[in-house]
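Chain letters run A, B, ... following the sequence lines, proteins first, then strands; residues in each count from 1.
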Number of protein chains: 2
Amino acid sequence: MTLPSTYADRNCSLARALEVVGERWTLLIVRDAFFGVRRFGDFATQLRIPRAVLTNRLKSLVQEGVLIRDEDAAGGVEYRLTAKGIELWPVVRALMNWGDAFYSPSGVKRAVRHDQDGGLLDHEGRCQDCGSVVPIPEIRIERGPGFDPADSESDPVSDAINTPRRLLEPIMAVRTPPAGQG
Amino acid sequence: MTLPSTYADRNCSLARALEVVGERWTLLIVRDAFFGVRRFGDFATQLRIPRAVLTNRLKSLVQEGVLIRDEDAAGGVEYRLTAKGIELWPVVRALMNWGDAFYSPSGVKRAVRHDQDGGLLDHEGRCQDCGSVVPIPEIRIERGPGFDPADSESDPVSDAINTPRRLLEPIMAVRTPPAGQG
DNA sequence: ATGGCCAGTTCACTGACTGAACTAGCGCTG
DNA sequence: CAGCGCTAGTTCAGTCAGTGAACTGGCCAT
């Protein structure tokens with residue numbers, strides 16, 4: 001973390017957690033990672049975050065073991081959630097629930113389902129159809145009734161994110177338009 | 001919120017929630033409120049937060065309906081969680097759990113119990129003794145195995161907070177020593 | 001009136017965020 | 001191999017928020 005001496009209370013795990021994910025942008029980066037964003041440029045365009053800040057945040061998150069940085073064969077760089085990062089899902093979910101409850105009068109902005117049977121998940125992450133606690137990679141996220149397309153950007157990354165998909169599934173933003181198209 | 005245009009994504013309840021509680025210090029103020037802190041000076045000393053920042057944060061939280069500001073008969077000011085603020089408990093709990101899991105090797109820093117029967121609560125807030133989902137005011141919080149007294153400040157407010165107590169129960173920092181003493 | 005307590009303000013300083021432009025590595029194409 | 005585009009960053013000047021300490025002003029008891 002960039003700050004010299006952050007939160008004083010050494011006996012508070014909330015303070016400790018906030019030192020890792022409490023800075024501006026950080027949890028949104030983590031959210032995007034859950035939604036399948038993996039590339040520097042995709043984070044930058046989707047979040048409209050200054051690239052310098054993104055660099056810092058990704059560095060901290062890698063250093064803290066929340067993300068892992070991979071260079072693929074072509075020299076491309078990928079940031080993916082580690083097991084520790086995936087454990088942040090309850091945090092992301094709790095904040096989403098609260099935001100939905102108090103700032104989205106027409107219903108949740110994103111619905112969360114069990115990919116296997118389509119059952120809705122309750123707040124504890126349990127499938128209301130099969131009753132099991134759904135593992136993160138089996139969670140499907142899709143638009144809910146509160147989702148307003150007019151509020152959404154239409155860059156390829158946002159489009160990909162707003163398509164129903166399983167968590168952690170990498171997005172496939174169309175980078176190379178098919179030949180024969182104008 | 002102080003920032004002119006905060007997070008871009010209007011279709012994300014996480015971003016929306018972070019506009020309210022995502023700034024530095026804010027969630028720690030909310031945590032303290034759960035722990036029974038109600039007075040400006042108590043927040044300031046316990047969190048070691050600059051008073052100017054505390055003023056801003058309390059103002060935003062009141063404006064957002066997370067806290068309510070009360071002036072008692074004596075002109076004293078109290079900040080208390082509203083129902084909306086109390087709904088932030090899952091957020092606070094999720095972050096605490098994550099911090100405990102990854103930064104407190106000797107066990108949780110604070111244990112969370114059902115005050116009625118002393119049963120430990122699981123991550124969903126369910127009492128492992130009686131099986132019920134425990135309402136917030138019936139939750140007792142106390143030191144856990146990971147709590148290290150050496151790491152703790154010994155101001156009256158911290159002392160009060162580190163004493164086993166029910167959530168939302170106001171702290172009684174000793175302000176007026178009983179007559180006939182000293 | 002005096003002094004203490006409390007809530008909140010003021011102020012100079014520092015440091016992080018912002019946005020835009022720039023650099024550098026790599027693969028492709030001509 | 002030159003030139004181009006794509007990607008992952010870095011640099012930089014300007015701005016704005018956080019920091020810490022000192023100060024104000026209301027209220028109460030002495």
Starting from C1' on dG9(D), measure out to CG on Asn56(A) and report it in whole angstrom.
11 Å
State plainly whether the residues Arg166(B) and Glu138(B) are in salt-bridge range, i.e. N to O under 4.0 Å.
no
Whole angstroms only, please: what is the CD-P distance between Glu71(A) and dG27(C)?
12 Å
Find every protein N or O atom lying less than 3.5 Å from an N or O atom of nucleotides 7-12 of chain C, and list the pairs.
from, atom 1, to, atom 2, distance (Å)
dA7(C), OP2, Gly41(B), N, 2.8
dA7(C), N7, Arg51(B), NH2, 3.3
dG8(C), OP1, Arg69(B), NE, 3.1
dG8(C), OP1, Arg69(B), NH2, 2.4
dG8(C), OP1, Tyr79(B), OH, 3.3
dG8(C), OP2, Tyr79(B), OH, 2.9
dG8(C), N7, Arg51(B), NE, 3.4
dG8(C), O6, Arg51(B), NE, 3.1

Value in whole Å for how far the P atom of dA8(D) lies from CD of Gln46(A)
15 Å
Do Glu78(A) and Arg69(A) sit within salt-bridge range, that is, some charged N less than 4.0 Å from a carboxylate O?
no
Between dT11(D) atom P and Leu54(A) atom CG, what is the distance in whole Å?
16 Å
Value in whole Å for how far the P atom of dT19(D) lies from CZ of Arg48(B)
14 Å
Output yes when Arg10(A) and Asp151(B) qualify as a salt bridge under the 4.0 Å nitrogen-oxygen rule, no when they do not.
no
Carboxylate-amine/guanidinium contact Glu19(B) Arg16(B), below 4.0 Å:
yes
Can you list the residues that meet the side-chain hydrogen bond (donor to acceptor under 3.5 Å, both in side chains) rule with Asp148(B), with sequence neighbours excluded?
none
Taking only the side-chain nitrogens and oxygens of Arg24(B), find out if one of them lies under 4.0 Å from OP1 or OP2 of dT19(D).
yes
Can you tell me how far C1' of dA8(D) sits from CZ of Arg57(A), to the nearest Å?
18 Å
dG20(D) C1' sits how many Å from Leu47(B) CG, rounded?
16 Å
Measure from CH2 on Trp25(B) to P on dA17(D) and round the result to the nearest Å.
18 Å
Hey, are Lys109(B) and Asp100(B) close enough for a salt bridge, meaning a charged N less than 4.0 Å from a carboxylate O?
no
